Amino acid sequence: MPIQLIGFLLVAPALAVVLLLFIVPLVSSVTGAFDVGGAFGFGNFTKALDLYSGDILFTLVIVLLSSALIGLFSVMIGGYLTLGTNARAVAILRWIYRWPLFIPFIVVGQILRTFLAKNGLMNNIFIELGLMTPAAAMSFLDWRGIVVAFVWKQTPFVTLLLAGAMASIDQSTIEAARNLGAKRVRILIEIVLPQVRQTLLVGLILSFVTMMSVLSVPLMINAQSPTMITANMAFRINAHGDYGVANALGLISLLMTSVAAIVYLRQTMREHSQ
Amino acid sequence: MNAFLEVSDARVFYGSNEVLKGVNLAVDKGEFVALLGSSGCGKTTLLRSIAGFNTPTFGAIRVGGRDVTRLPPDKRGMALVFQSYALWPHMTVDQNIGYGLKLRGAPKAAVGERVAEIKRLLGLEAFGARKPANLSGGQRQRVALGRALAIQPDILLLDEPLSNLDARIRLTVRHEISALQRRLGITAVHVTHDREEAMVMADRIVILNNGEVAQVGTPEEVYNHPTSDFVAAFMGAENLLDLSGGTSGDRIEIASNAFNSSAVVSARGRELSGPLNARFRGESVQLSEETGDASSMRDEGFLTLSGIVEQTSYPGGLWRHVIALGPAHVIADSPRTFAIGQRVSIRIPEAALFLFPKR
């Protein structure tokens with residue numbers, strides 16, 4: 001048997017899996033987006049934009065806002081883990097910050113639903129403490145609830161990557177800055193962060209793509225309009241059997257994540273070329 | 001004692017492990033002191049304690065009479081040059097050098113002026129816009145030095161700054177650093193494990209062993225008058241003999257042995273008796289063909305050994321011989337080579353023979 005054929009046979013099973021489970025459904029979903037009553041057309045897209053352009057914008061804003069907050073919190077936590085001087089506080093934080101990683105999105109949604117509702121745990125605590133009157137209680141189960149859920153769930157993931165990168169930079173670069181008189185916040189922003197910015201960017205992009213694909217959180221927390229397009233897609237299929245518009249929304253979502261993917265690929269290419 | 005930088009009875013623990021066991025050190029203004037020792041002797045710990053990155057559990061550190069033991073690193077008027085250089089990879093050479101001034105809130109124009117001055121001083125004019133990744137080892141080392149000097153510290157601390165350089169560059173950088181230090185009149189403390197580096201660069205050498213100061217002195221003193229067996233060995237007197245002898249008046253009488261003559265050497269204040277450790281350097285002896293059995297000779301002002309050449313090599317300058325004295329071996333250098341198997345006499349002048357009580 002020629003060597004090329006053996007090579008092909010060896011990769012064939014993996015190739016078949018990729019082809020059948022990934023490429024074929026993707027292609028059929030893409031072609032399905034342009035399928036209007038059996039003919040090629042942009043009908044699904046005009047309909048999707050007519051009905052859901054508000055939701056598309058809503059999704060983009062929510063995910064970008066969440067990414068920004070995740071970035072901020074992960075830098076703060078990672079920075080404290082790296083530069084904190086109170087060994088016990090650092091140990092406690094290191095032990096505790098990863099917990100949300102192991103909680104599924106649906107459970108996060110459920111927890112926050114009971115926590116953030118109008119008569120939920122958070123408002124009850126505020127009322128009990130006398131910080132708020134029962135009349136002033138309001139529900140956070142809207143865009144704010146989604147952002148809280150995303151940030152709560154994704155910050156540990158980005159922090160995990162970031163804290164690892166921060167721990168592996170040359171610690172004497174931090175001491176050199178201290179030696180010249182830099183305070184901790186300044187060291188974090190001017191010395192540590194610039195050395196780990198690529199890791200932060202990669203973490204945020206992966207997190208962006210994850211949030212774009214979450215259905216359970218918007219369904220649990222924000223079952224109203226506007227909502228995220230994942231919920232719209234589920235609704236088109238479950239309530240109307242309308243695969244055309246669902247596919248069109250899927251393609252729009254894919255376009256958003258591919259912008260992130262391009263940034264990610266360019267970043268990794270640049271790292272490899274160094 | 002009015003030293004500029006003073007460490008008194010500094011004790012540092014890592015966990016239950018005592019790394020510095022009560023170290024005293026006094027450095028005058030403008031002096032260049034080398035902390036010399038093998039790895040794990042506590043020299044870097046001592047430097048980091050001076051710099052303010054470790055706080056000694058006991059003892060004090062004073063600069064110009066002011067206690068700085070509990071002050072943060074930047075309030076001590078010191079700048080540290082790190083072994084790894086610790087340059088900030090995302091900043092250019094100019095930014096690295098100017099960062100300390102920027103932190104002190106110096107106006108931009110003043111920072112630029114000082115950075116230009118430092119670059120001129122260190123021959124870095126052409127590299128201001130480069131990042132550290134695009135510099136050679138020697139250039140990085142100079143940037144690290146420039147970054148420390150830019151803030152005009154009273155004391156410059158150097159943590160093995162030459163150990164990451166190629167051997168050839170290291171030799172020139174040694175002289176550059178000590179010339180610069182003299183020109184600026186800055187007080188410097190330099191950590192190294194390289195004996196020659198310490199000898200060439202420093203005004204005074206502090207030899208550390210196992211968390212304690214073993215000896216302090218000028219390069220000439222520690223080289224020619226080691227006060228302990230450890231210092232003698234560390235300063236290159238690796239040849240070790242077991243002798244026995246006793247002191248009478250200002251003379252030490254060494255008893256003859258199977259491989260050595262009986263000898264009388266001046267005591268120079270030493271009181272020795274019983275078993276002795278004798279150390280000498282291979283290059284400070286005279287090698288000759290054996291003229292008679294050493295054990296039957298009686299020498300004054302030197303000691304004679306007799307042995308058999310086992311191995312020769314030419315490291316450059318002198319021939320090196322490994323000579324067997326029964327089960328023991330010593331190394332001796334000579335301008336001419338002796339054949340393997342030949343019986344030879346080794347004559348050690350008393351000034352080159354270091355005697356210590358055997359422990």
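Labels below follow one simple rule: chain letters A, B, ... track the order of the sequence lines, proteins then strands, and each chain is numbered from 1. Predicted model, so just to flag it, every value in this text is computed and none were measured.
Within 6.0 Å of CG on A:Leu129 lie more than 12 heavy atoms contributed by other residues, nucleotides or ligands. Heavy-atom neighbours of B:Phe13 CZ from other residues, nucleotides or ligands within 6.0 Å: above the threshold of 12. Counting non-hydrogen atoms of other residues, nucleotides and ligands closer than 6.0 Å to CZ of A:Phe126 gives a total of 12 or fewer. Within a 6.0 Å sphere centred on OH of B:Tyr14, heavy atoms belonging to other residues, nucleotides or ligands number more than 12. For A:Trp152, the CH2 atom sits in a packed shell: over 12 heavy atoms of surrounding residues, nucleotides or ligands are nearer than 6.0 Å.
Put simply, CG on A:Leu180 and NZ on B:Lys102 are 12.0 Å apart, with the number rounded to the nearest 0.5 Å. A distance of 11.5 Å separates CG of A:Asp170 from CH2 of B:Trp88, quoted to the nearest 0.5 Å.
Between chain B and the options A:Lys183, A:Gln171, A:Gln195, A:Arg197, the largest number of non-hydrogen pairs under 4.5 Å is found for A:Gln195. For the set B:Gly52, B:Pro72, B:Ala79, the count of heavy-atom pairs under 4.5 angstrom toward chain A peaks at B:Ala79.
Contact between A:Ser172 and B:Ser84 at its shortest, heavy atoms only, is OG-OG, 2.9 Å. Residues A:Gly181 and B:Asp74 come closest through the heavy atom pair CA-CB, 3.2 Å.
Only the backbone of B:Leu87 comes within less than 4.5 Å of a heavy atom of chain A; no side-chain atom from C-beta onward does. For B:Met78, the part lying under 4.5 angstrom from a heavy atom of chain A is the backbone only.
By the 4.5 Å heavy-atom criterion applied to side chains, B:Tyr99 and A:Ile191 are counted as neighbours. Under the 4.5 Å side-chain criterion, counting only non-hydrogen atoms from C-beta, B:Leu103 is in contact with A:Arg186. Using a 4.5 Å heavy-atom cutoff, the side chains of A:Asn179 and B:Arg147 are not in contact. With contacts defined as side-chain heavy-atom distances shorter than 4.5 Å, the pair A:Glu175/B:Leu80 does not qualify.
Counting only distance, with no hydrogens or angles, the side chain of B:His90 and the backbone of A:Glu190 share a donor-acceptor pair below 3.5 Å.
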